[in-house]
Protein chains: 2
Amino acid sequence: MKDLTFCSSLHGSEHDHLRQILTHVQFDGHNTIFHEAEDADYVFNITSGSVKLYKLLGDGRRQITGFLFAGDFLGLALNTNYSYTAEAVEPVTACRFPRQKLEKLFDDFPQLEKRMLGMAVDELAAAQDQMLLLGRKTAKEKVASFLLMLARRQEHRGEDSDMINVPMSRSDIADYLGLTIETVSRTLTQLRKEATISLKDNRHIEAVGREMLQDLAEGL
Amino acid sequence: MKDLTFCSSLHGSEHDHLRQILTHVQFDGHNTIFHEAEDADYVFNITSGSVKLYKLLGDGRRQITGFLFAGDFLGLALNTNYSYTAEAVEPVTACRFPRQKLEKLFDDFPQLEKRMLGMAVDELAAAQDQMLLLGRKTAKEKVASFLLMLARRQEHRGEDSDMINVPMSRSDIADYLGLTIETVSRTLTQLRKEATISLKDNRHIEAVGREMLQDLAEGL
DNA sequence: CGTTAGTTTGAGCAGCCTCAAAGGACGTGG
DNA sequence: CCACGTCCTTTGAGGCTGCTCAAACTAACG
């Protein structure tokens, strides 16, 4: 697998400087990496495992705004506070950068800042896709889009995408798609009965009919 | 009203350079500024009026991902293509910057790029709030959040926020909140009957019970 | 095995949607 | 000035998707 993590894909003097300020950290599943509204002192780059980001309403309703995997950046809020909570879905290893020191490096290496901006713009496009999903797609379309997203990111990481890895619980999926656990479960069984997917176990799904998933995701 | 537009808040040599590459443009209501997937040749800074951004599904279902007002930036996708369609809600004036020239300026004035990154991060936080709204709020909470958003941005622009300006149609509001026109209308009448808001006309709403709106928006 | 946490399945319900029609606002033309 | 058409909004009635509540099933672990 090609290495997509930020802290391993650095060149020349950027690399040396970044290495000097990073710390390797790890988190067990269900552990909180940081809380919403907490001081945003660190930026992370995931090297393995998976992370969920979420926001809560006053009465406890939860919306997961994104999942992060190896290579993804975490906490690039340049504000003083994090705007969401980050929690490990399964054991996570990451590189941690003190935000202030990282920002100082930006002054000497504007290329780093360019990459940051590029990543922020990509995330923004993903967020807009997710808004389309949450606001206008049916349960079936949502689940199909979700599975495709997992498959595509798995491919992008260079992993085998035949069998889709689903490290998160039904509850996490539901809170990501704006559904209930029950609806996610029912929709998966429906897709299974239609032979669009094949459930190996709760954490491994095979996309038998990928075209069907794609049509569903695009709302055709 | 204090001037919040980018092209009028520039200092020193940044200002001069930016002035050299910008063009003043305008669009009538319902006019398209650019289409999704089109080449992203320009970046805009709104100086007056309001804009809606949207994405479409294959069968025509629409999700408005955001509204822009005076001072807001448009098209900061640094990709080669726009990721959404931008359309004027009411007559718009804007400054237009050729993307390539703007990016060249970034090399000489890293401060500009920093501001861009800051804006992208702010937009990202707004997008996450919107995901929480779309995925987990009820119709009433959505409408309350929407009205508060309009009021807050109006204040931020230095305009009187006693009477909320609602330049967009019910159809636009519906497609922004993931609802139907009818539900938006019904919810507004419900809020009116509860004396939480007062409808002057279709484009002007008074937030009589702002605390009530805030509680609704936060899901308490 | 017993316990616990997570998932699936079922039955009934409700919030929001769909379809339909009436009510306003606005502009055009007689 | 009013009649008329168009577009948008509001209101009503009924239906459906996805939610709630409840129970059975499964897997992991001591």
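The shown structure was predicted, so the numbers you read here are calculated from the model rather than taken from an experiment. Throughout, protein chains are lettered first and strands after them, A, B, ... in sequence-line order, and every chain is numbered starting at 1.
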[X] side chain near [N] phosphate (N/O to OP1/OP2, under 4.0 Å):
X	N	value
A:T180	D:dC19	yes
B:R203	C:dC26	no
B:S171	D:dC8	no

Query raised in the report: Touch check for B:L188, heavy atoms < 4.0 angstrom, all strands: base, sugar-phosphate only, or nothing?
Result: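 Answer is nothing: B:L188 stays at 4.0 Å or more from every strand.
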Report task. Report yes if a donor N or O on one partner sits less than 3.5 Å from an acceptor N or O on the other, where the partners are the side chain of B:R186 and the base of C:dG15; otherwise report no. Result ->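 For B:R186, whose side chain was compared with the base of C:dG15, there is no donor-acceptor pair (under 3.5 Å).
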Query raised in the report: Within the modelled atom types, does a donor on one side and an acceptor on the other bring the side chain of B:R192 and the base of D:dT11 under 3.5 Å apart?
Result: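 Looking at the base of D:dT11, it does not pair with any donor or acceptor on the side chain of B:R192 (distance under 3.5 Å).
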What integer distance in Å separates [X]:[atom1] from [N]:[atom2]?
X	N	atom1	atom2	result
B:R61	C:dC16	CZ	P	19 Å
B:K137	C:dG15	NZ	P	19 Å
A:N202	C:dT8	CG	C1'	9 Å
A:D172	C:dA5	CG	C1'	14 Å
A:K140	D:dT17	NZ	P	11 Å
B:R170	C:dA25	CZ	C1'	13 Å
B:L134	C:dG15	CG	P	20 Å
A:K142	D:dT17	NZ	P	14 Å

Please tell me which of the listed nucleotides, [options], lies nearest to the side chain of [X]?
X	options	value
B:E182	D:dT20, D:dG18, C:dT18	C:dT18
A:T183	D:dC19, C:dT7, D:dG12	D:dC19
B:A139	D:dT10, D:dG12, C:dC16	C:dC16
A:S185	C:dC17, C:dT8, D:dT11	C:dT8

**Report entry** Nearest heavy atoms of A:Y84 and A:Y54, plus distance in Å
**Finding:**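 For A:Y84 versus A:Y54, the nearest heavy atoms are CB-O, 3.5 Å.
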Report task. Could you tell me whether A:R210 and A:D162 have a side-chain N and a carboxylate O separated by less than 4.0 Å? Result ->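 So A:R210 does not pair with A:D162 through a salt bridge.
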Query - Residues B:K140 and B:E194 bridged, charged N to O under 4.0 Å - result: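 Between B:E194 and B:K140 there is a salt bridge, with a charged N closer than 4.0 Å to a carboxylate O.
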Query raised in the report: Between B:Y176 and B:F67, does the ring centre distance come in under 6.0 Å?
Result: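 Here the rings of B:F67 and B:Y176 have centres that are less than 6.0 Å from each other.
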Query raised in the report: If you find the nucleotide of DNA chain D closest to B:R136 and the one closest to B:L199, which residue's nucleotide is nearer the 5' end?
Result: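 Closest to the 5' end, via its nearest nucleotide, is B:L199.
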Query raised in the report: Is the cationic atom of A:R157 (NZ for Lys, CZ for Arg) positioned less than 6.0 Å from the six-membered ring centroid of A:F69 and within 45 degrees of its normal?
Result: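 Yes.
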